[in-house]
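We count ligands from 1, going down the list as the structure has it; atoms in each ligand are counted the same way. Everything numeric in this text was worked out from a predicted model, so none of it was measured.
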Amino acid sequence: MTVTIIGSQLGDEGKGGTVDLYGEGADVVVRYQGGDNAGHTVVVGEETYELSLLPSGVVRGKTCVIGNGCVVNPETLFDELDALRERGLDPDVRVAERAHVIFPYHRRLDGIEEEDKDEEVGTTGRGIGPTYEDKAGRRGVRIGDLLDPEVLRTRLEYVVPQKCAVVEDVFGKEAGEELDVDDLYETYRTYGERLAEEEMTVNCGSYLQSRIDDGDEVLCEGAQGTLIDIDHGNYPFVTSSNPTAGGACTGTGLGPTEIGQGEIVGIVKGYATRVGSGPMPSELAGVEGDTPGYDGDAGEDEENLATYIRDEGGEYGTVTGRPRRVGWLDLPVLRHATRANGFTGIVVGHVDVLAGLDEVKIGVSYDLDGETIDAVPPTTEQWGRCEVDYRSFEGWPEVDWDAVASEGYEAIPENAREYLEFVESELETPLYAVGVGPGREETIVLENPVE
Ligand code: GDP
Ligand code: IMO
Ligand code: MG
């Protein structure tokens with residue numbers, strides 16, 4: 001059977017932690033889209049692991065697969081593997097031969113395009129978009145090609161002059177060593193040799209199907225989130241792949257019936273966060289430079305509230321330290337995600353972060369141009385015009401969350417349970433677990449979908 005873990009909001013919901021939690025009973029963990037743009041955190045006791053490309057199942061020593069729907073930077077792949085080995089883990093990682101390769105020119109073009117845009121997307125700069133563009137444009141290089149030097153050279157000789165022309169003639173920049181065919185060929189051929197030596201490549205779909213046929217449990221790990229899905233997200237402020245459930249089929253090679261017979265678990269952060277630009281109807285105050293049109297005029301109370309949630313949740317960029325945009329939980333977003341993914345269960349985390357507030361709110365519907373709607377509208381401009389109607393809840397106190405986690409669901413403060421049960425009933429989707437802290441043990445499991 002399969003269990004698919006999917007972000008229901010704008011990324012960073014806590015997918016890595018949930019994969020680690022439910023990963024105990026899994027045999028294989030597979031990433032099905034995205035690349036090293038992800039940042040999945042697994043906290044086990046005193047140890048914190050930040051994974052950008054490898055599936056979070058590596059921490060538990062599970063067989064991990066980077067699926068065909070992913071884009072792979074081999075440099076990150078080997079760096080991440082080596083770093084985990086240095087920390088005493090013994091990762092067993094396979095990479096789909098059909099996955100596409102991120103080259104240095106993809107990263108360069110990612111940066112150039114961002115600079116050139118009037119309204120930046122605020123990408124991670126990892127070359128994700130340009131690599132998926134080449135995949136769709138049928139000029140990409142796949143992991144399997146790295147193992148065949150002749151094919152690799154032929155593909156590079158075709159694509160690199162085109163990239164040079166884009167850099168020089170379209171953007172008026174100078175092409176650097178990232179566009180030297182010989183250099184690229186040598187470096188990437190060597191990556192191919194290492195992949196072959198370590199017997200890391202697999203025919204993803206048939207490999208996974210054979211594991212399932214042998215009775216193994218496969219956990220599919222989504223990256224990013226529904227609202228930054230290229231089809232179902234707030235285009236163009238999106239990533240270039242499908243984090244939504246359909247992506248788990250195309251990105252692994254398992255059929256929709258296989259994925260659909262399994263469980264699809266939506267990961268929900270108990271409030272809203274957003275990195276970078278784009279609409280965020282339930283935002284509290286704003287972050288100058290990121291929140292469209294915000295100039296610090298929200299007023300002291302709202303600023304204080306935003307700062308409280310941001311500080312308690314540690315909502316600052318891991319690399320830049322930049323404050324993340326924060327806001328109230330947004331049900332129209334979650335309804336959109338529940339439908340697009342067909343969630344069979346939800347995990348709601350960060351309940352501890354909201355503790356200590358007098359009042360906690362949930363956005364229950366939107367007013368769009370005078371009409372009440374209960375899910376995200378199709379255009380980003382419409383979403384930007386939505387005004388949120390809130391329902392207010394009494395806050396809950398700060399408690400000993402470790403004790404709550406060991407005692408179980410009934411130990412969660414009553415007002416927090418009311419909050420959780422409201423979300424569960426509005427989404428008509430059962431609550432599978434509640435996160436009350438970042439650690440593996442700080443989760444209350446009501447249902448474990450991985451048998
Ligand atoms: P992902 O990208 O969806 O895997 O999520 P990230 O790892 O980027 O961000 C989630 C952050 O919240 C990480 O730092 C987690 O350790 C942390 N986290 C996860 N669940 C909880 C929770 O229930 N409470 C608190 N306080 N932190 C949590
Ligand atoms: P995890 O898996 C949050 C955002 C970027 C940018 C947009 C496009 O940790 O939840 P990209 O580099 O993918 O082309 O950037 O998507 N983004 C994420 N935001 N969490 C992520 O991953 C993200 N991955 C990409 O900030 O707005
Ligand atoms: Mg993250």
Side-chain angles (χ1 to χ4, degrees), residues 5-21 31 33-44 47-53 55-56 70-71 73 102 106-107 109-111 113-114 119-133 221-230 233-241 243 266-271 273-278 280 290 309 311-320 322 324-325 347-355 401-402 404-405 412 416 433-444:
I5 304 294
I6 299 179
S8 64
Q9 295 150 312
L10 286 141
D12 301 332
E13 298 91 349
K15 298 173 293 292
T18 308
V19 168
D20 175 66
L21 176 76
R31 280 265 317 260
Q33 44 70 233
D36 56 348
N37 50 345
H40 293 182
T41 317
V42 175
V43 180
V44 187
E47 296 292 318
T48 298
Y49 300 90
E50 274 285 343
L51 302 156
S52 70
L53 175 62
S56 301
C70 294
V71 287
N73 181 339
I102 301 177
H106 291 123
R107 292 200 296 279
L109 282 165
D110 197 352
E113 266 214 65
E114 280 281 281
E119 205 173 12
E120 288 181 16
V121 176
T123 73
T124 60
R126 303 293 165 95
I128 305 295
T131 308
Y132 278 115
E133 269 181 57
E221 175 174 354
Q224 289 80 51
T226 303
L227 266 291
I228 51 174
D229 180 287
I230 189 149
N234 68 129
Y235 195 91
F237 303 103
V238 293
T239 193
S240 301
S241 66
I267 312 307
V268 179
K269 187 183 264 186
Y271 49 94
T273 56
R274 172 156 211 162
V275 181
S277 189
M280 184 175 177
D290 285 343
I309 296 174
D311 288 350
E312 293 291 311
E315 300 294 354
Y316 292 88
T318 39
V319 182
T320 56
R322 230 167 42 141
R324 294 192 184 130
R325 298 165 66 189
V347 172
V348 183
H350 297 79
V351 169
D352 54 308
V353 172
L354 297 173
W401 294 106
D402 286 341
V404 168
I412 298 174
V434 182
V436 295
R440 187 186 277 173
E441 307 302 329
E442 290 162 311
T443 313
I444 295 151

Element-labelled atoms of ligand 1 that are located less than 4.0 Å from some non-hydrogen atom of [X]:
X    : answer
V353 : 26 (N)
V436 : 23 (O)
H40  : 1 (P), 2 (O), 4 (O), 7 (O)
G16  : 4 (O)
G349 : 23 (O)

Who's the nearest protein heavy-atom neighbour of [atom], and how far?
atom                    : value
atom 9 (O) of ligand 1  : D12 O, 3.7 Å
atom 7 (C) of ligand 2  : V238 O, 3.8 Å
atom 20 (N) of ligand 2 : D12 OD1, 3.3 Å
atom 27 (O) of ligand 2 : V121 O, 3.3 Å
atom 20 (N) of ligand 1 : H350 CE1, 3.5 Å
atom 16 (O) of ligand 1 : P438 CB, 3.3 Å
atom 1 (P) of ligand 1  : K15 N, 3.5 Å
atom 26 (N) of ligand 1 : D352 OD2, 2.7 Å
atom 13 (O) of ligand 2 : T239 OG1, 2.6 Å

N/O of [X] under 3.5 Å from N/O of ligand 2, yes or no?
X    : answer
G125 : no
G39  : yes
G11  : no

- Counting only heavy atoms, which portion of N37 has something under 4.0 Å from ligand 2: side chain, backbone, both, or neither? both

- Message: For L10, which part has a heavy atom under 4.0 Å from ligand 2: side chain, backbone, both, or neither?
- Response: backbone

- Message: Looking at A223, is its backbone amide N or carbonyl O close enough to the side chain of Q33 to form a donor-acceptor pair, meaning the two atoms are under 3.5 Å apart?
- Response: yes

- Task: Could you tell me whether the side chains of S56 and E221 share a donor-acceptor contact shorter than 3.5 Å?
- Result: yes

- Message: Using a distance threshold of 2.8 Å, state whether an N, O or S atom of E13 lies below it from the Mg ion (ligand 3).
- Response: no

- Got an N, O or S from A38 under 2.8 Å of the Mg ion (ligand 3)? no

Geometry only, no angles: is [X] polar-contacting ligand 1 at N/O separations under 3.5 Å?
X    : value
G11  : no
G435 : yes
G14  : yes

Relative to the heavy atoms of [X], which atoms of ligand 2 are at a distance of less than 4.0 Å?
X    : value
G122 : 5 (C), 6 (C), 26 (O), 27 (O)
A38  : 2 (O), 9 (O), 22 (O)
K15  : 1 (P), 2 (O), 10 (O)
A223 : 2 (O)

- Query: Just wondering, more than 12 heavy atoms not from E441 lying within 6.0 Å of its CD?
  - Reply: no

- Query: Just heavy atoms, cut-off under 4.0 Å: does T41 contact ligand 1 by side chain, backbone, both, or neither?
  - Reply: both

- I267, portion touching ligand 1 at heavy-atom distance under 4.0 Å: neither

- A student comparing S52, G313, G437, G439 should find that the heavy atom closest to atom 22 (C) of ligand 1 comes from G437

- Winner among T123, T124, I228, V275 once heavy atoms are compared against atom 18 (C) of ligand 2: I228

- Message: Would Q224 count as a contact residue for ligand 2, given that I'm defining contact as a non-hydrogen atom of the residue lying under 4.0 Å from a ligand atom?
- Response: yes

- Message: Using the side-chain hydrogen bond (donor to acceptor under 3.5 Å, both in side chains) definition, which of the options E13, E315, Q9 pairs with K269?
- Response: E315

- Item | Whether G17 lies under 4.0 Å from ligand 1, heavy atom | no

- Query: Among the heavy atoms of G39, does any lie under 4.0 Å from an atom of ligand 1?
  - Reply: yes

